[in-house]
Number of protein chains: 2
Amino acid sequence: MAATIKDVAKYAGVSISTVSKYINGGRVREKNRQRIEEAIKALDFKVNELARGLKTNRTMTVGVLIPSLENIFFTSIISYMENILLKNRYSTIVCDYRNDVELEKVKFEFLMDKMVDGIIMVPHEEDIQYINKAFEKNIPVVLIDRMIKGIECDVVLTDNLNASYNAVEQLIMRGHRRIGIICGPKNVYTTQERLKGYIRVHEDYSLQIDDRLIKFGNYDVESGYNLLLMLLEEVPPPSAVFVTNYEMTVGAVMAVNEKNICIPHDLSLIGFDNIQLAKVVKPSLSIVTQPIQQIGETAATILLKRMKGDYDKFPSVYRLKTQLLLGESICNI
Amino acid sequence: MAATIKDVAKYAGVSISTVSKYINGGRVREKNRQRIEEAIKALDFKVNELARGLKTNRTMTVGVLIPSLENIFFTSIISYMENILLKNRYSTIVCDYRNDVELEKVKFEFLMDKMVDGIIMVPHEEDIQYINKAFEKNIPVVLIDRMIKGIECDVVLTDNLNASYNAVEQLIMRGHRRIGIICGPKNVYTTQERLKGYIRVHEDYSLQIDDRLIKFGNYDVESGYNLLLMLLEEVPPPSAVFVTNYEMTVGAVMAVNEKNICIPHDLSLIGFDNIQLAKVVKPSLSIVTQPIQQIGETAATILLKRMKGDYDKFPSVYRLKTQLLLGESICNI
DNA sequence: TACAAAATTCGAAACGTTTCATTTTTACTA
DNA sequence: TAGTAAAAATGAAACGTTTCGAATTTTGTA
């Protein structure tokens, strides 16, 4: 049905190998180039990637593994990654593991079985030795968003610690002394880093930390809602709260609204990630934004480099800077 | 490096074709079955899908095309689809077209070039004749969420019209007469259907429709926010509002909270799609929920059937029922 | 013009499967 | 027990590429 390289060769009156060479960017006599190009056009020839892959041992496919497809932060990143990969003739197989550590391993192995040429993943489990299986087979892996200690691997993440530091510092500089923080799950890397920033800035300013103002949730709307209410019940309540991801920020805002708390008069609030939300909330929300596009593009680019066999500066860590967008949701005391 | 069927054959002491037959579920003498199984285990043999695909002309890959990876409704569906497909040894290539009609076509053709065995897509453009190219090549396509008239194609969607009808009817039965509706973009199928339901129920109850209470947005948070504010400024304002997707519901709730409007006393509200959100909002939100899991699983199942060559009852339309979850956000007048 | 060197082209083998026609083995019947 | 039909196993060809050494053509130089 579809034209093959053989058809093109016949049509152009050259050998198969010459056509192959042309397709792969090799040098070909001018006269032949024209005839081959003409033949390709006339026959609407497309390389059969399967046959090619069989010979070259490459599938031109990248595996992507994230905790949940329902987390907009990750899916946005994927969107940007895909952009870059597509331009380089790679397609992506996206999997999520529903925050399930077992499934994480299963899906990783599924991707390996699919013979992807590279993998980009957001790891959850601390012990992901199976990554080394990929390296053994010469399949590069790039980690996103979270770092795993003891693993030699390229990583792209944001400077969570300083993101948190700067946000809380902003509150401190405005006179706040009792600052609540709504964190993610204790065992997740980003949680730990964001909490470290909170702690470090307190230390740097010689402020006492009240453990009751540190709450751990699940990075979902419900957590944000519940934990903000809990914070308000502490005595004395915090004068400011820092929420450390998008979904929890939505929840927190809902809680604030419900309780009829006046922002920023009664409570200063700094949220996370979603600019659109920040603009819509009144008064406009101050937020920490992560460079989503840059994360996606950087990860894709480094993976492409590794897949080309370029292991220069391996492993490299890209710690991208966040931005603190100041809105009207924080006030001076 | 990796073991091939040849290695397995040698190890088991049978011919390649016997192994192949076994792998593909053919009958094999008991004695050989054992030896082959043993060999496969010992050598950790995995079928090379590329080689197989080259022979069988199948890639065991399904293409998925959605408007945006940042819309949680679509990504959730994908998550469930993938589940079913994975169990059937299919993997998925997910693409979005960023709500761009041009890109929609480009990505569709990209998927075709990748030689996917089937495509599941949420169409935007009205004129998608290029779908027929897929059918010509015997590649089944299943549409999701939106129907395109004039196209013979399996479709899985929700009964948008009656979803809307029932939601608004609920308001009417409670005495509301001025009911606002926040719709999506005018040219999108779901918008049209949901609006039809709104109109039909008004007709059935012989109620006048005030066009000023019908607002069109972009299915994003900002639209929901802005349009709700606009509705409140109509004179007289509506006593109830129906918001027709998740993101706009978030925006609407933000607006309501900002304006310090008391729900349901000052305004009754029915939202869309996200149960988690509905529970968090106080008073609890009434919402229309779509059967996300069922949509995903149905689409995957019908596609699997078509890919097997079973064109029974083609084209079939699955119009799934929504559910109206009543919360405390609506009151009687 | 002739020759060597450089640049291209060519043919054939290989990648790991499936498939089909053929051969071998097994099971059954007379 | 021999003969036959059915079942299973086999070997070889094919899928559409890439790749490599050999063959051919072109280019440059004396």
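For the numbers below, each heavy atom of this structure counts, side chains included, while hydrogens, waters and symmetry mates do not. Remember, it's a predicted structure, so these values are computed and weren't measured experimentally. A note on names: the letters A, B, ... follow the listed sequences, proteins ahead of strands, and every chain is numbered from 1.
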For B:Asp113, the salt bridge (Lys or Arg N to Asp or Glu O under 4.0 Å) test, sequence neighbours excluded, returns A:Lys46

Extract all donor-acceptor atom pairs below 3.5 Å that involve side chains of residues 307-317 of chain B and protein atoms in other chains or at least two apart in sequence.
{"from": "B:Asp310", "atom 1": "OD1", "to": "B:Asp312", "atom 2": "N", "distance (Å)": "2.9"}
{"from": "B:Ser316", "atom 1": "OG", "to": "B:Asp154", "atom 2": "OD1", "distance (Å)": "3.2"}
{"from": "B:Ser316", "atom 1": "OG", "to": "B:Arg306", "atom 2": "NH2", "distance (Å)": "3.4"}
{"from": "B:Ser316", "atom 1": "OG", "to": "B:Lys313", "atom 2": "O", "distance (Å)": "3.4"}

Quick test of your reading: applying ring pair (Phe, Tyr, Trp, His ring centres under 6.0 Å), list the pairs with at least one residue in residues 51-80 of chain B, sequence neighbours left out, ordered by first then second residue. none

What is the distance from CZ of A:Arg58 to P of C:dC15, rounded to the nearest Å? 18 Å

Are there any protein N/O atoms within less than 3.5 Å of an N/O atom in nucleotides 25-28 of chain C, and if so, which ones and at what distance?
none

What I want to check is whether the side chains of A:Thr18 and A:Arg29 have a donor and an acceptor closer together than 3.5 Å. no

With heavy-atom distances below 4.5 Å as the criterion, would you say the side chains of B:Leu85 and B:Ser91 are in contact? no

Show which side-chain atoms of residues 30-39 of chain A pair as donor or acceptor with protein atoms under 3.5 Å away, not counting sequence neighbours.
{"from": "A:Glu30", "atom 1": "OE1", "to": "A:Arg33", "atom 2": "NH1", "distance (Å)": "3.1"}
{"from": "A:Glu30", "atom 1": "OE2", "to": "A:Arg33", "atom 2": "NH1", "distance (Å)": "3.2"}
{"from": "A:Glu30", "atom 1": "OE2", "to": "A:Gln34", "atom 2": "NE2", "distance (Å)": "3.2"}
{"from": "A:Arg33", "atom 1": "NE", "to": "A:Glu37", "atom 2": "OE2", "distance (Å)": "3.2"}
{"from": "A:Arg35", "atom 1": "NE", "to": "A:Ala12", "atom 2": "O", "distance (Å)": "3.4"}
{"from": "A:Glu37", "atom 1": "OE2", "to": "A:Tyr22", "atom 2": "OH", "distance (Å)": "2.8"}

Counterpart residues, salt bridge (Lys or Arg N to Asp or Glu O under 4.0 Å), relative to A:Lys321 (two or more places apart): A:Asp159

Classify B:Ser20 by what it touches in the nucleic acid, base, sugar-phosphate, or nothing, heavy-atom distance under 4.0 Å. base

Please list, by residue number, the residues of residues 36-51 of chain A whose heavy atoms come closer than 4.0 Å to an atom of DNA chain C; answer none if no residue qualifies. none

Would you say B:Tyr318's side chain and B:Ile295's backbone share a donor-acceptor pair under 3.5 angstrom? no

Taking only N/O atoms, report every protein-nucleotides 10-14 of chain D pair under 3.5 Å with atom names and distance.
{"from": "D:dT10", "atom 1": "OP2", "to": "B:Ser15", "atom 2": "N", "distance (Å)": "2.6"}
{"from": "D:dT10", "atom 1": "OP2", "to": "B:Ser15", "atom 2": "OG", "distance (Å)": "3.0"}
{"from": "D:dT10", "atom 1": "OP2", "to": "B:Thr18", "atom 2": "OG1", "distance (Å)": "2.8"}
{"from": "D:dG11", "atom 1": "N7", "to": "B:Ser17", "atom 2": "OG", "distance (Å)": "2.9"}
{"from": "D:dG11", "atom 1": "O6", "to": "B:Ser17", "atom 2": "OG", "distance (Å)": "2.9"}
{"from": "D:dA14", "atom 1": "N3", "to": "B:Lys55", "atom 2": "NZ", "distance (Å)": "2.9"}

With no hydrogens and no angle check, do the side chains of A:Thr190 and A:Tyr219 hold a donor and an acceptor under 3.5 Å apart? yes

Would you confirm whether B:Asp96, through its side chain, and B:Ser68, through its main-chain N or O, come within 3.5 Å as a donor-acceptor pair? no

How bent is the helix from C:dT1-D:dA30 to C:dA30-D:dT1, measuring the angle between the end axes built from five pairs each, rounded to 10°? 40°

N/O donor-acceptor pair under 3.5 Å between B:Thr61 side chain and B:Thr59 backbone: yes

Nucleic acid contacts of residues 4-12 of chain B, taken as heavy-atom distances under 4.0 Å to DNA chain D: none

Provide, to the nearest angstrom, the distance between the CG atom belonging to B:Asn24 and the P atom belonging to C:dC20. 13 Å

Mind checking A:Asn57 for me? I need base, sugar-phosphate or nothing, with any heavy atom below 4.0 Å counting as a touch. nothing

Those residues at least two apart in sequence (or on a different chain) that pass side chain to side chain contact (heavy atoms under 4.5 Å, CB included) with A:Thr301 are A:Ile84

At their closest point, which heavy atom of B:Val116 faces which heavy atom of B:Ile139, and how far apart are they? O-CD1, 3.6 Å

Taking all atoms of both residues into account, what is the closest heavy-atom pair of B:Val64 and B:Leu111, and its distance? N-CD1, 4.1 Å

Among pairs that include at least one residue of residues 50-78 of chain A, which meet salt bridge (Lys or Arg N to Asp or Glu O under 4.0 Å), considering only residues two or more places apart or in two chains? A:Glu49-A:Arg52

